Number of protein chains: 2
Amino acid sequence: MVQIEPGQCFITEGETADAFFNITAGSAKLYKLMADGRRQITGFAFRGHFLGLAVSSTYAFSAEAIEPVRLCRFARARLFRLLADFPALERRLLERAATELVAAQEQMLLLGRKTARERVASFLRAQALAAPCGRPRAMVALPMRRGDIADYLGLTIETVSRTLTRLRAEGIIEIPDQTHVLLRDPARLVRAAEG
Amino acid sequence: MVQIEPGQCFITEGETADAFFNITAGSAKLYKLMADGRRQITGFAFRGHFLGLAVSSTYAFSAEAIEPVRLCRFARARLFRLLADFPALERRLLERAATELVAAQEQMLLLGRKTARERVASFLRAQALAAPCGRPRAMVALPMRRGDIADYLGLTIETVSRTLTRLRAEGIIEIPDQTHVLLRDPARLVRAAEG
DNA sequence: CGTACTCTTGATTTCACTCAATTCAGGTGG
DNA sequence: CCACCTGAATTGAGTGAAATCAAGAGTACG
């Protein structure tokens, strides 16, 4: 059991993939970098997420804690032993990977074809449905910075900010503080997410 | 063993996911549609690809043949029996899923952060390395239409066409015919792909 | 040789980016 | 407790890369 503080990196793209992680608390961002510093956040990880299932010998992305993260670290060899001993685990990992693949395809649609407004609305909707626990919530926590949201949605900080402001002006959301958004009109949010 | 003709759809987004496919010949495009017709192609599938491993009860994407496709179709129940009987298959699917996840993350970087020129160059590079068989080739086959490339790269047909023209004008590629591109200067192509 | 596509090329527009101030929030120390 | 500092977020003005709109040029096929 390892504790990771906010801003600390616990997986680095390109390094030898010698371990496998299971997040038991906190939140993290997963991202890829280009040589000139451009960044694409490919996802956020919360309690229960598995990370680092690399097929190649190196990690394909970096992972950095947003809120303090607790995680279980398995050496690669130990993972393979676990998989051999508990076939159900392998099935669970396969399901998990398939779920992430579906999410990745949805994100490709967002990045390739949606407008800024649709992206932000889709993001808020997804956060309301998915993140950490159970059923849709009206109050969405955004532990990540605006810059993280921008790099997740393929936008700039300014565009994210402007778009949130506009959604608020239209009465679709409220922004009680920088890390929370209240979904005031979910139906219109869904419409905004789909064009 | 089923034969699918070009333009024919063999998986439809939203329909009940009752089968699982293995492509044994040909090429196909996988895509998601928005209500107003905007399309994002999430990937191309060639010989050896597994498709339709849905966790949810419905398919998350559609699949349509580009060149004539031959495929093996497994009913969902049969797949589960196969997985139970051949644990190695499950391992293989997990590896496959992990590989696709890495590709999806790379594509998210492309869609979210790369310029049109970088996208087209990255695409040509990837086609040279990956598609159907072995090692890097200088002559890249592009069985898909320009519109498919555009919808894969998050661009318009016009931008894809203009960008290819420009790469040709710079002597980086040649375009002997509409379905082939010759990589004349792979080093510069790589540089064009990374900014 | 004409019809129907697809692809390419050109002109113009637009949405999001860039650059540039403010404003706001959270800490620190007087 | 309040002034100050710092980094984050918001807001505004102007620019630019790719989209849209509009022809024109190839290709394939009957």
Side-chain angles (χ1 to χ4, degrees), chain A residues 6-7 29 34 36-41 64 66-67 110-124 140-170 173-181 192 195, chain B residues 5-7 29 34 36-41 64 66-67 110-124 141-170 173-181 192 195:
Chain A
K29 53 193 176 198
M34 292 178 67
D36 59 7
R38 277 177 287 175
R39 183 179 68 156
Q40 179 64 39
I41 291 184
E64 181 185 315
I66 296 173
E67 297 168 302
L110 180 149
L111 292 170
R113 289 294 176 227
K114 291 190 181 181
T115 64
R117 180 187 170 81
E118 289 163 357
R119 293 183 200 199
V120 172
S122 298
F123 172 69
L124 292 176
V140 177
L142 301 178
M144 67 293 286
R145 303 182 179 299
R146 292 290 185 268
D148 294 335
I149 298 175
D151 283 347
Y152 180 56
L153 300 180
L155 300 170
T156 59
I157 292 176
E158 294 94 323
T159 298
V160 170
S161 181
R162 271 186 254 274
T163 305
L164 285 172
T165 300
R166 196 144 61 90
L167 290 174
R168 182 181 55 190
E170 294 173 22
I173 62 171
E174 273 178 42
I175 309 177
D177 70 90
Q178 291 186 349
T179 60
H180 292 88
V181 167
Chain B
E5 293 309 314
K29 54 195 176 196
M34 291 178 67
D36 59 7
R38 278 177 285 175
R39 183 179 68 156
Q40 179 65 39
I41 291 185
E64 181 185 315
I66 296 173
E67 297 168 302
L110 179 149
L111 292 169
R113 289 295 176 228
K114 291 190 182 181
T115 65
R117 180 187 171 81
E118 289 163 357
R119 292 182 201 200
V120 172
S122 298
F123 172 69
L124 293 176
L142 301 178
M144 66 292 287
R145 304 181 178 299
R146 292 290 185 268
D148 294 335
I149 299 176
D151 283 348
Y152 181 56
L153 300 179
L155 300 170
T156 59
I157 292 176
E158 294 94 322
T159 298
V160 170
S161 180
R162 271 187 255 274
T163 306
L164 285 171
T165 300
R166 194 143 61 89
L167 290 174
R168 182 182 53 190
E170 294 173 23
I173 61 172
E174 274 178 40
I175 310 179
D177 71 90
Q178 292 188 349
T179 60
H180 291 89
V181 167

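Every chain is numbered from 1, with letters handed out A, B, ... down the list of sequences. The structure displayed is predicted, hence computed values, not measured ones.
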Length of the line joining [X]:[atom1] and [N]:[atom2], which is rounded to integer Å:
X        : N      : atom1 : atom2 : value
B:Asp177 : C:dT6  : CG    : P     : 17 Å
A:Leu167 : D:dT11 : CG    : P     : 13 Å
A:Arg119 : C:dC17 : CZ    : C1'   : 12 Å
A:Arg113 : D:dA19 : CZ    : P     : 7 Å
B:Leu153 : D:dA19 : CG    : P     : 10 Å
A:Arg166 : D:dT10 : CZ    : C1'   : 15 Å
B:Arg39  : D:dA19 : CZ    : C1'   : 17 Å
B:Arg146 : D:dA25 : CZ    : C1'   : 14 Å

Give a yes/no answer on whether the side chain of [X] brings an N or O atom under 4.0 Å of OP1 or OP2 in [N].
X        : N      : answer
B:Thr159 : D:dA19 : yes
A:Arg162 : C:dA16 : no
A:Ser161 : D:dA9  : no
A:Thr165 : D:dT11 : yes

Can any side-chain N or O of [X] pair as donor or acceptor with the backbone N or O of [Y] at less than 3.5 Å?
X        : Y        : answer
A:Glu67  : A:Pro6   : no
A:Arg162 : A:Ile157 : no
B:Arg117 : B:Thr163 : no

Worksheet item: Counting any heavy atom closer than 4.0 Å, what does B:Ile157 reach on the DNA or RNA strands: base, sugar-phosphate only, or nothing?
Response: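 Base contact.
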Just compare [options] and give me whichever is closest to any side-chain atom of [X].
X        : options               : answer
B:Glu158 : D:dT10, C:dT9, C:dC19 : C:dT9
A:Leu155 : C:dT18, C:dA16, D:dA9 : C:dA16
B:Arg145 : C:dA16, C:dT6, C:dA25 : C:dT6

Worksheet item: Measuring from A:His180:NE2 to A:Ile175:CD1, what's the distance to the nearest 0.5 Å?
Response: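 A:His180 NE2 to A:Ile175 CD1: 12.5 Å, rounded to 0.5 Å.
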Practice prompt. Could you say whether A:Gly154 or A:Gln178 is positioned toward the 5' end of DNA chain C, judged by the nucleotide with the nearest heavy atom to each?
Written response: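 Nearer the 5' end of the strand: A:Gly154.
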Discussion item. With a 4.0 Å cut-off on N to O distance, would you call B:Arg39 and B:Asp148 a salt bridge?
Written reply: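 Between B:Asp148 and B:Arg39 there is a salt bridge, with a charged N closer than 4.0 Å to a carboxylate O.
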